[in-house]
Q: 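First the structure, then my questions, so here it is.
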Amino acid sequence: MFAHDGVNISADTSEALICDEEEILVTSSLSAVLASMFLLGIAGNLYVLAINMQSHKPSGSMSVHIINLALADLLYLSTIPFVVSTYLSQDWYFGDVGCRVLLSMDLFTMHASIFTLTVMSMERYQAVVFPLKARLAQGYHKITNLGIWIMSLLLTMPMICMIRLQESHYGYNKKICFPTWTPDAFRLYLTVLFCTSILGPGLVILYLYASLTRTYWTSGQQFPQSSRKLKQCIGCRIFTIILVYWACFVPFWAWQLAKFYQQEPLGLEPTRQIYLNLGVTCLTYGNSCVNPLLYTLLTQNYREYIASRVRGTNLA
């Protein structure tokens with residue numbers, strides 16, 4: 001994970017030993033916050049999985065997408081115990097394999113989440129603008145989601161391959177996870193990842209929702225009132241999940257890129273940089289804690305929409 005505090009591979013947090021009372025207090029407090037997020041997030045996402053998998057007739061591709069999102073959140077949250085132990089001990093105990101897997105998990109799950117949300121937005125757009133094509137394409141959602149996980153893994157592979165476990169430059173028999181490539185190459189890689197996890201999907205999603213808004217505005221009474229309201233509600237729920245994702249990950253990315261494109265990011269002293277890094281890390285984990293509520297509301301809206309369609313068919 002390229003931005004976790006005790007093991008930050010940019011070296012500004014991995015090699016800094018927390019030695020005074022203020023830093024110990026901050027690290028302990030934030031570790032407690034992360035532990036609470038772990039418990040809440042795991043419970044919430046397991047609940048989402050349960051309610052989406054217990055149905056004998058799951059709500060089509062939407063259920064598959066929500067299961068994917070919940071699984072991505074669970075994988076990301078599973079790294080918290082390792083991160084907390086590293087915060088408190090200021091050392092890395094999980095070996096070279098742990099470096100490669102755990103420090104790449106945020107990239108992997110981040111891309112899996114945003115790619116899934118992009119596909120969900122595309123499906124909403126098709127369902128409103130091209131409903132016949134949307135029905136024909138529903139059989140391919142499992143292949144699409146498999147492709148999402150494969151693409152996310154491919155984007156993460158450079159990080160997995162280039163991370164190594166090394167001795168700290170400060171001695172003390174401390175170990176850190178560090179990239180083996182040059183700073184310029186690593187900066188380029190992070191810039192590409194920013195484009196694939198934030199900028200590129202963001203532009204696609206904004207275009208799709210702008211087109212949806214225009215379609216709803218010009219459609220007038222073409223759609224039944226109840227069906228139109230439910231479609232709009234589903235679209236709003238998906239877009240809310242996307243907005244929460246951006247709110248939690250854009251500060252994270254802004255901080256990462258600032259560290260690589262500026263000698264002294266934001267003019268902050270090293271201790272303040274550590275605190276800021278801790279803060280943006282907690283914010284990304286907070287996304288996985290808030291999401292279960294949004295997933296649950298989205299599932300309910302979608303099932304109401306399916307039920308309304310069934311009632312309309314029966315009446316016809």
Q: Is it possible for you to say whether L39 and V83 belong to one hydrophobic cluster, with membership spreading through side-chain heavy-atom contacts below 4.5 Å?
A: yes

Q: Quick check: closest heavy atoms across F115 and M151, and the distance to 0.1 Å?
A: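 That closest heavy-atom pairing would be CE1-SD, 3.7 Å.
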
Q: Are the side chains of I242 and M120 in contact, using a 4.5 Å heavy-atom criterion?
A: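 Not in contact.
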
Q: Tell me who clusters with I150, hydrophobic residues only, linked when side chains sit under 4.5 Å apart either directly or through other members.
A: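 Direct or chained contacts put I150 with L146, L154.
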
Q: State, with a plain yes or no, whether a side-chain heavy atom of I205 is found less than 4.5 Å away from one of I114.
A: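 Answer yes - side chains close enough.
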
Q: Taking side chain as C-beta onward, heavy atoms only, is I67 less than 4.5 Å from N145?
A: no

Q: How far does CD1 of I80 sit from CD1 of I42, to the nearest 0.5 angstrom?
A: 7.5 Å

Q: Please determine whether side chain to side chain contact (heavy atoms under 4.5 Å, CB included) holds for the pair L208 and R124, giving the CA-CA distance in whole Å, both sets of side-chain angles, and the decisive distance to 0.1 Å.
A: CA-CA 9 Å; L208 291 172; R124 282 296 87 208; over 6 Å; no

Q: Kindly indicate whether the side chain of F194, heavy atoms from C-beta on, has any atom under 4.5 Å from the side chain of Q256.
A: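 Of all side-chain heavy-atom pairs linking Q256 with F194, none is under 4.5 Å.
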
Q: Taking it one step at a time, do L193 and M110 satisfy side chain to side chain contact (heavy atoms under 4.5 Å, CB included)?
A: CA-CA 10 Å; L193 293 179; M110 188 187 308; over 6 Å; no

Q: For W149, which residues count as a ring pair (Phe, Tyr, Trp, His ring centres under 6.0 Å) partner, sequence neighbours excluded?
A: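 Per chain and number, W149 pairs via ring pair (Phe, Tyr, Trp, His ring centres under 6.0 Å) with F108.
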
Q: Quick one: does L117's side chain get under 4.5 Å of P201's, heavy atoms only?
A: no

Q: Sequence neighbours left out, what passes ring pair (Phe, Tyr, Trp, His ring centres under 6.0 Å) with Y125? Give chain and number order.
A: none

Q: Are V204 and F249 joined in one hydrophobic group, where the rule is that I, L, V, M, F, W and Y side chains link up if heavy atoms are under 4.5 Å apart?
A: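 V204 and F249: one cluster.
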
Q: Yes or no on side chain to side chain contact (heavy atoms under 4.5 Å, CB included) for S121 and Y207, after CA distance, side-chain angles and deciding distance?
A: CA-CA 10 Å; S121 300; Y207 169 78; over 6 Å; no

Q: Enter the distance from M162:CE to F186:CZ here, rounded to the nearest 0.5 Å.
A: 10.0 Å

Q: Could you tell me the separation between the OG1 atom of T118 and the CD1 atom of I238, rounded to the nearest 0.5 Å?
A: 11.0 Å

Q: Answer whether the closest heavy-atom distance between the side chains of N291 and L69 falls below 4.5 Å.
A: no

Q: Tell me every residue that passes ring pair (Phe, Tyr, Trp, His ring centres under 6.0 Å) with Y295, counting only those two or more places apart in sequence or in another chain.
A: none

Q: What residues form a ring pair (Phe, Tyr, Trp, His ring centres under 6.0 Å) with F239, not counting sequence neighbours?
A: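 Listed in chain order: Y209.
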
Q: Of all heavy-atom pairs between L283 and A247, which one has the smallest distance, and what is that distance?
A: CD2-O, 3.6 Å

Q: For a quick test of reading the model, state the closest non-hydrogen atom pair linking D73 to S288 and the distance between them.
A: OD1-OG, 3.1 Å

Q: Hey, any chance Y261 and V192 share a hydrophobic cluster, counting ILVMFWY side chains that come within less than 4.5 Å of each other, even indirectly?
A: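 The answer is no; the residues belong to distinct hydrophobic clusters.
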
Q: Locate the shortest heavy-atom distance separating V48 from N52; write the atom from each residue and the value.
A: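 Closest pair (atom of V48, atom of N52, distance): O-ND2, 2.9 Å.
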
Q: Any chance the side chains of H111 and T196 put a donor and an acceptor closer than 3.5 Å?
A: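 Result is yes, a qualifying pair exists.
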
Q: Calculate, to the nearest 0.5 Å, the distance between atoms CG and OG belonging to L102 and S78 respectively.
A: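 Here the interatomic distance stands at 7.5 Å.
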
Q: Look up atom CG in L49 and atom OG in S63, then write down how far apart they are to the nearest 0.5 Å.
A: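 Those atoms lie 11.0 Å apart.
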
Q: Scan T284, N287, D106, T109 and name whichever one has a side chain to side chain donor-acceptor pair (under 3.5 Å) with Y76.
A: T284

Q: Identify the residue among T79, L77, I160 that makes a side-chain contact (heavy atoms from CB on, under 4.5 Å) with M105.
A: T79

Q: Which of these, T296, L71, T299, sits in a side-chain contact (heavy atoms from CB on, under 4.5 Å) with I66?
A: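 Answer to the side-chain contact (heavy atoms from CB on, under 4.5 Å) test with I66 among T296, L71, T299: T299.
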
Q: Give the intermediate values and the outcome of side chain to side chain contact (heavy atoms under 4.5 Å, CB included) for residues R164 and R100.
A: CA-CA 7 Å; R164 295 289 187 276; R100 296 170 186 272; 2.8 Å; yes

Q: Measure across C289 and P292 and return the closest heavy-atom pair with its distance rounded to 0.1 Å.
A: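 Minimum heavy-atom contact is O-CD, 3.2 Å.
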
Q: Does W92 use its side chain to pair, donor to acceptor, with the backbone of G95 at less than 3.5 Å?
A: yes

Q: Any heavy-atom pair between the side chains of W181 and P158 that's under 4.5 Å?
A: yes

Q: Taking CZ in F94 as the centre, count heavy atoms belonging to other residues, nucleotides or ligands within less than 6.0 Å. Is the count above 12?
A: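 Correct, the count exceeds 12.
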
Q: Would you name the heavy atoms of A70 and N45 that are closest together and state the gap between them?
A: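 Looking at all heavy atoms of both residues, the shortest contact is CA-OD1, 3.6 Å.
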
Q: Hydrophobic cluster membership, with links at side-chain heavy-atom distances under 4.5 Å among I/L/V/M/F/W/Y: are Y245 and L40 in one?
A: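 Different clusters.
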
Q: State, yes or no, whether a side-chain contact exists between Y93 and T86 at a heavy-atom distance under 4.5 Å.
A: no

Q: In chain order, what residues pass the salt bridge (charged side-chain N to carboxylate O under 4.0 Å, His left out) check against R237, with sequence neighbours excluded?
A: none

Q: To the closest 0.5 Å, what do you measure between CG (L75) and OG (S113)?
A: 9.5 Å

Q: L199, L155: one ILVMFWY side-chain cluster at the under-4.5 Å cut-off?
A: yes

